[in-house]
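Beneath this line is the structure, given in structure tokens, with notes to follow.
Quick note: residue numbers are just sequence positions, from 1. Since the structure is predicted, the reported quantities are computational estimates derived from the model, not experimental observations. The figures that follow rest on heavy atoms only: side chains count, while hydrogens, waters and symmetry mates do not.
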Amino acid sequence: MWKIVLFALHLQLLVAPLSASCPIFLTISLSGKSLTDACLEVNWGPDCYAPPEWVGIYRQDPSVSNFQPELRIDGIQNRTGKRLTPIKLGKLQFPGGWNRPTAGQTTATKYPKGKCLPYYVASYNGNELLTIDCLKIQPNWLAHLKDAASMPLKKLFLPGTHASGAYITNYSKTKSLLIKDYLVAQHFDVWSQLVFGIRYLDLSVGYRYSADSGSESENFWVVNENMFINPVIDVLRDVRRFVELSNEIVVLDFSSFPIGFYKHPEIYSSLYHLIRQELGQVLYERNVSSNEHCADRSYNDLRVLGRQVLLLFPTEELPHPENESVLLCPPWQRFSTSYMNMSQTLDYMRLLFSRKPDSPVQDDGWIFHAVMSIEQALNAHKLQTAKERAAVINPKVNQWLSGPWGLNANVVAMDYFSNTNLIDVAIHANVHKAFLTANDKFVNLEILSRR
């Protein structure tokens, strides 16, 4: 009987997951021209039962000393909301050896519960401290969710990015407004995305031959909206360095090939050989004799093998024998809100995440791209920038996943993930998933024994 009570209490906690009254968290706004110009945002909710009297932003942990806030916000009344602050992010430095590693670096500090960057937010009633959160990196979160680490990957909530390689490393040197405003889809490079806690990367790849290329690898580029953005090899090397340093997993999804690949299997083959050259030692190898589905393997399975990159690649595009490579996992189901307005997005998520019998989601890995296309922005009679589109859809999707729908999520990918707390939402959902999985059989046995 006590197991049923425990199960019910845990399920009740899911409805109000982070705090009995009002969770508060920081995100990075999409209002600045560059990342260093971006300001912090204070977020509260969803559905605060009792909003705090005031919120403070600090550069140090306010729980360990009586620091004065850099900014105080009073008068929070809505149950769910967001407030832009004038505090700029500036240039971020990651602690514990988590800046892009130098040659020969083999270790970095493990942070089981994440590590705060020097931006904290705290809520109060009078002088009573209610909650504390911070802007944080979470490079080892999955390795330290012990129960979740043994679950099949298709059962986990993996936070991801859409158009993961569409970022700018030097904003001031990029002159094109088209690239800055409409093609760039992430504040952070791939290394930083992974250090923050992203575990799924979406790549569209184009081929651009140049007689001046030093090698064939220089001809492959990350593409967004049919424009070349960054070299693919930079992304591959960031992924390899990260899994070697963190012991985490990465799902690497080559989702489309819009430029230069059509009717050229030899170019697909050349890209495959580049991936194998850069990632071969860390790519997971399928067991072809058992017709294995890669999504059925767990983080622990991949960790024990020391092969923690799951490569999703369309094998039908490759010539023989590359199309039978054990390094390639067939693509997972993909669903996208690209051409939907917000009302349609909500209905679509209800269909997918409720996992009812009529849901198109099957018992395998699946990916939800929570994005809004340029074409959809045109339907609103205004050509919105990539940041403006993400500012519309991201907070809503993040809020909807903070409740029971998060339990049914597998991969959720966004543009500009950093204006949400998607990674915390995923970690919290995975803790609940693991608890429910571990206790489901006990609850069922208890119910059967009382019949």
Notebook entry, point to check: Under 6.0 Å between the ring centres of Y268 and F261?
Noted result: yes

Next item on the list: Answer with yes or no whether the side chains of S298 and S150 bring together a donor and an acceptor at under 3.5 Å.
Entry: no

Check: Do NZ/NE/NH1/NH2 and the carboxylate oxygens of E292 and R297 come within less than 4.0 Å?
Finding: yes

Checklist line | Where D238 and L194 come nearest, the two heavy atoms and their spacing | finding: O-CD1, 4.3 Å

Margin query: Measuring from atom CG of L274 to atom OG of S269, what distance do you get when rounded to the nearest 0.5 angstrom?
Written below: 11.5 Å

Next item on the list: Apply side chain to side chain contact (heavy atoms under 4.5 Å, CB included) to the pair L312 and I367, showing each step before the final yes or no.
Entry: CA-CA 12 Å; L312 308 184; I367 302 153; 4.2 Å; yes

Note to self: Counting C-beta onward and ignoring hydrogens, is there a side-chain heavy-atom pair between V205 and S255 closer than 4.5 Å?
What the structure shows: no

Margin query: Is it the case that the side chains of N247 and N140 hold a donor-acceptor pair, with the cut-off being a distance below 3.5 Å and no angle test?
Written below: no

Note to self: Go through it in stages, so that I can follow the logic: the residues are F368 and Y200, the test is ring-ring contact (aromatic ring centres under 6.0 Å, His included), and I'd like the CA-CA distance, side-chain angles, deciding distance and then a yes or no.
What the structure shows: CA-CA 11 Å; F368 180 68; Y200 164 89; over 10 Å; no

Check: Taking S338 for the side chain and V371 for the main chain, is one N or O donor matched with an acceptor at less than 3.5 Å?
Finding: no

Checklist line | Test: D424 and K136 ion pair at under 4.0 Å | finding: yes

Next item on the list: Tell me yes or no: between the side chains of N219 and E216, is some donor less than 3.5 Å from an acceptor?
Entry: yes

Next item on the list: Answer yes or no: is there a side-chain heavy-atom contact under 4.5 Å between K433 and L407?
Entry: yes

Checklist line | Spacing of L142 atom CG and Q308 atom CD [to the nearest 0.5 Å] | finding: 10.0 Å

Next item on the list: State, to 0.1 Å, how close R79 and Y49 come at their nearest heavy-atom pair, and which atoms those are.
Entry: NH2-CA, 4.4 Å

Checklist line | Heavy-atom closest contact (F335 atom, W366 atom, distance) | finding: CD1-CE3, 3.6 Å

Next item on the list: Would you check if L26 and C134 make a side-chain contact, meaning some heavy-atom pair closer than 4.5 Å?
Entry: no

Item checked: Option passing side chain to side chain donor-acceptor pair (under 3.5 Å) with T161 (candidates Q186, Q193, H369) -> Q193

Check: Do the ring centers of F313 and Y272 come within less than 6.0 Å of each other?
Finding: no

Note to self: Which residue is it: D133, T27, T420? I am looking for the one with a side chain to side chain donor-acceptor pair (under 3.5 Å) to N43.
What the structure shows: T27

Next item on the list: Enter the distance from K110:NZ to T107:OG1 here, rounded to the nearest 0.5 Å.
Entry: 8.5 Å

Check: Given the side-chain rings of Y207 and F257, with only the six-membered ring counted for Trp, is the space between their centroids under 6.0 Å?
Finding: no

Checklist line | Donor-acceptor pair, side chain of R389 and main chain of M372, under 3.5 angstrom | finding: yes

Next item on the list: Locate the shortest heavy-atom distance separating L328 from E322; write the atom from each residue and the value.
Entry: CD1-O, 3.6 Å

Margin query: With ring pair (Phe, Tyr, Trp, His ring centres under 6.0 Å) as the test, pick out the partner of F188 among Y167, F94, F196.
Written below: F196

Margin query: Can you tell me how far apart CZ (R208) and CZ (F220) are? Round to the nearest 0.5 Å.
Written below: 13.0 Å

Check: Do the non-hydrogen side-chain atoms of V411 and F157 ever get within less than 4.5 Å of each other?
Finding: no

Notebook entry, point to check: Hey, are the side chains of R199 and L310 touching, using non-hydrogen atoms and a 4.5 Å cut-off?
Noted result: no

Margin query: Keeping D189 on the side-chain end and S192 on the backbone end, is there a donor-acceptor pair under 3.5 Å?
Written below: yes

Check: Is the shortest heavy-atom distance from the side chain of I28 to the side chain of E41 under 4.5 Å?
Finding: no

Note to self: Does the structure place the NZ or CZ of R307 under 6.0 Å from the centre of the six-membered ring of Y284, at an angle of no more than 45° from the ring's axis?
What the structure shows: no

Item checked: Minimum side-chain heavy-atom gap V397-W405 below 4.5 Å -> no

Next item on the list: Write down the atom of L30, the atom of A390, and the distance for their closest heavy-atom approach.
Entry: CD1-CB, 3.8 Å

Checklist line | Donor-acceptor contact below 3.5 Å, side chain N78 vs main chain T80 | finding: no

Next item on the list: Step through it carefully: locate the ring centre of H187, locate the ring centre of Y416, and say whether they are under 6.0 Å apart.
Entry: yes

Next item on the list: Check D253, N224, D415 against H162 for a side chain to side chain donor-acceptor pair (under 3.5 Å) and give me the one that passes.
Entry: D415

Check: For N99 and W191, which heavy atoms make the closest approach, and how far apart are they?
Finding: C-NE1, 3.5 Å

Notebook entry, point to check: Do the side chains of I229 and W221 get nearer than 4.5 Å, heavy atoms only?
Noted result: no

